[in-house]
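Here is the structure we will look at, set down as structure tokens.
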Amino acid sequence: MNDGPVSTFQFLGLTFSTANVVSGLVVFLLVVAVVFFTSRNLAMKPTKGQNFLEWLIDFTNGILKGSIPAKEVGGFGLYGFTLFLFLFLSNQLGLFIQLATSGGATIVRSPTSDPIVTLTFSLMTLMLAQFAGVRKLGYKTHFANYMKPFVFWLPISIFEEFTNFLTLGLRIFGVIFSGEMLLKLIWELAISHGIATMVVAVPIEMIWQGFSAFLGAIQAFVFVTLSSVYISQKLEVEE
């Protein structure tokens with residue numbers, strides 16, 4: 001497990017995390033591979049891969065249908081599917097692959113173990129919710145919702161948007177980051193005193209790795225569920 005600094009690079013005067021860029025690219029390629037290999041031979045009699053893809057689409061659509069009106073779900077189906085698959089694979093990546101440079105700087109890990117990444121996804125969801133609200137209700141009605149039940153409610157509504165942004169992104173970051181840190185600590189324990197600690201710590205490492213994989217799946221589900229809730233709130237006129 002890597003505990004060194006994160007590698008960075010400069011571009012147009014801005015500093016970027018190499019780990020976020022490389023890890024995000026790895027997850028992107030995995031998402032493309034999953035979709036490609038499960039959909040390249042579509043048929044009336046579906047293969048195992050097609051069955052899996054159709055199940056996954058139905059699963060993510062089911063999450064959206066729990067909050068978003070049925071007639072509106074179609075417009076967000078692709079977003080929900082892509083978001084869930086990307087987050088799920090992002091959460092799992094660091095549990096099985098962590099790479100570092102010769103200097104110890106991390107270049108591959110779970111992208112969602114960085115709050116910049118998770119808060120970016122959070123911002124994407126909230127911006128999509130704003131766009132959906134304006135598109136359906138119009139600017140006047142959409143922004144009037146922030147002043148209901150009375151105009152002095154506006155500061156509270158704005159603060160609520162900010163807290164939604166933080167909690168949506170930091171929740172998944174906290175779970176993934178803490179899971180990877182505990183895996184690192186268990187591994188350090190395993191190699192601290194040779195075979196004696198290895199025998200004890202390796203089974204614990206495997207159990208926690210499996211539990212962390214489960215938590216990663218749950219967090220992807222929770223993120224998409226809350227995203228659908230936030231979107232649905234912008235599609236309705238506040239009473």
Side-chain angles (χ1 to χ4, degrees), residues 1-9 16-40 48-49 51-53 55-56 59-60 80-122 169-192 194-195 197-224:
M1 305 295 289
N2 299 314
D3 57 1
V6 175
S7 175
T8 61
F9 65 93
F16 295 88
S17 168
T18 305
N20 288 348
V21 174
V22 175
S23 301
L25 180 60
V26 170
V27 175
F28 166 75
L29 293 175
L30 289 174
V31 170
V32 172
V34 168
V35 174
F36 175 77
F37 287 110
T38 56
S39 64
R40 61 176 180 168
K48 292 181 179 180
N51 277 327
F52 170 76
L53 182 62
W55 170 83
L56 186 57
F59 175 72
T60 54
F81 169 79
T82 307
L83 183 63
F84 177 83
L85 187 56
F86 193 94
L87 289 176
F88 173 79
L89 293 175
S90 294
N91 294 346
Q92 310 303 327
L93 181 64
L95 298 177
F96 303 98
I97 303 174
Q98 288 203 21
L99 300 177
T101 63
S102 57
T106 302
I107 56 174
V108 175
R109 63 182 182 184
S110 288
T112 44
S113 65
D114 189 323
I116 298 298
V117 174
T118 58
L119 288 173
T120 298
F121 278 109
S122 176
L170 294 181
R171 179 186 291 105
I172 188 171
F173 155 72
V175 171
I176 303 305
F177 178 76
S178 60
E180 291 189 1
M181 287 298 295
L182 186 54
L183 280 175
K184 183 190 73 173
L185 293 176
I186 296 173
W187 179 249
E188 290 176 349
L189 172 64
I191 62 177
S192 61
I195 190 66
T197 51
M198 187 76 72
V199 170
V200 175
V202 166
I204 299 176
E205 175 94 356
M206 295 176 64
I207 292 172
W208 182 252
Q209 195 166 22
F211 183 62
S212 294
F214 171 73
L215 289 178
I218 292 298
Q219 285 304 309
F221 171 80
V222 170
F223 195 100
V224 176

Residue pair Asp114 / Arg109: nearest heavy atoms and the distance that separates them: OD2-NH2, 2.9 Å
Taking the side chain as every heavy atom from C-beta outward, state whether Ile116 and Ser17 have any pair of such atoms under 4.5 Å apart. no
Test of understanding: with ring pair (Phe, Tyr, Trp, His ring centres under 6.0 Å), list the residues that count as partners of Phe214, not counting sequence neighbours. none
Residues Pro115 and Leu170: closest non-hydrogen pair is CB-CD2, 4.2 Å
In terms of the angle between their ring planes, are Trp55 and Phe59 parallel, tilted or perpendicular, with boundaries placed at 30° and 60°? parallel
So, using side-chain contact (heavy atoms from CB on, under 4.5 Å) as the criterion, who are the partners of Thr18 when residues are at least two apart? Ser7, Phe9, Val22, Ile107
Would one find more than 12 heavy atoms of other residues, nucleotides or ligands at under 6.0 Å from atom CZ of Phe177? no
Any residue meeting side chain to side chain donor-acceptor pair (under 3.5 Å) with Ser110, in chain and number order, not counting sequence neighbours: Glu180
Between Ser23 (side chain) and Asn20 (backbone), is there a donor-acceptor pair under 3.5 Å? no
Would you please test Phe173 and Leu119 for side chain to side chain contact (heavy atoms under 4.5 Å, CB included) and show each step? CA-CA 9 Å; Phe173 155 72; Leu119 288 173; over 6 Å; no
What is the minimum heavy-atom distance between Phe84 and Thr60, and which atoms define it? CB-CG2, 3.8 Å
Of all heavy-atom pairs linking Val27 and Ser90, the shortest is CG1-OG, 3.4 Å
Phe88 vs Val31 side-chain heavy atoms within contact, under 4.5 Å: no
Counterpart residues, ring pair (Phe, Tyr, Trp, His ring centres under 6.0 Å), relative to Phe28 (two or more places apart): none
Test side chain to side chain contact (heavy atoms under 4.5 Å, CB included) applied to Val202 and Met206, step by step: CA-CA 6 Å; Val202 166; Met206 295 176 64; 4.1 Å; yes
Give the C-alpha distance, both sets of side-chain angles, the deciding distance and a yes or no for side chain to side chain contact (heavy atoms under 4.5 Å, CB included) between Leu25 and Val21. CA-CA 6 Å; Leu25 180 60; Val21 174; 5.6 Å; no
Looking only at atom types and distance, does a side-chain atom of Gln209 sit under 3.5 Å from a main-chain N or O of Leu95, one as donor and one as acceptor? yes
In chain order, what residues pass the side chain to side chain donor-acceptor pair (under 3.5 Å) check against Thr38, with sequence neighbours excluded? none
Who pairs with Thr112 by side chain to side chain donor-acceptor pair (under 3.5 Å), at least two apart in sequence or on another chain? Asn91
Report yes or no: does Ser122 contribute a side-chain atom to a donor-acceptor pair with the main-chain N or O of Thr118 at less than 3.5 Å? no
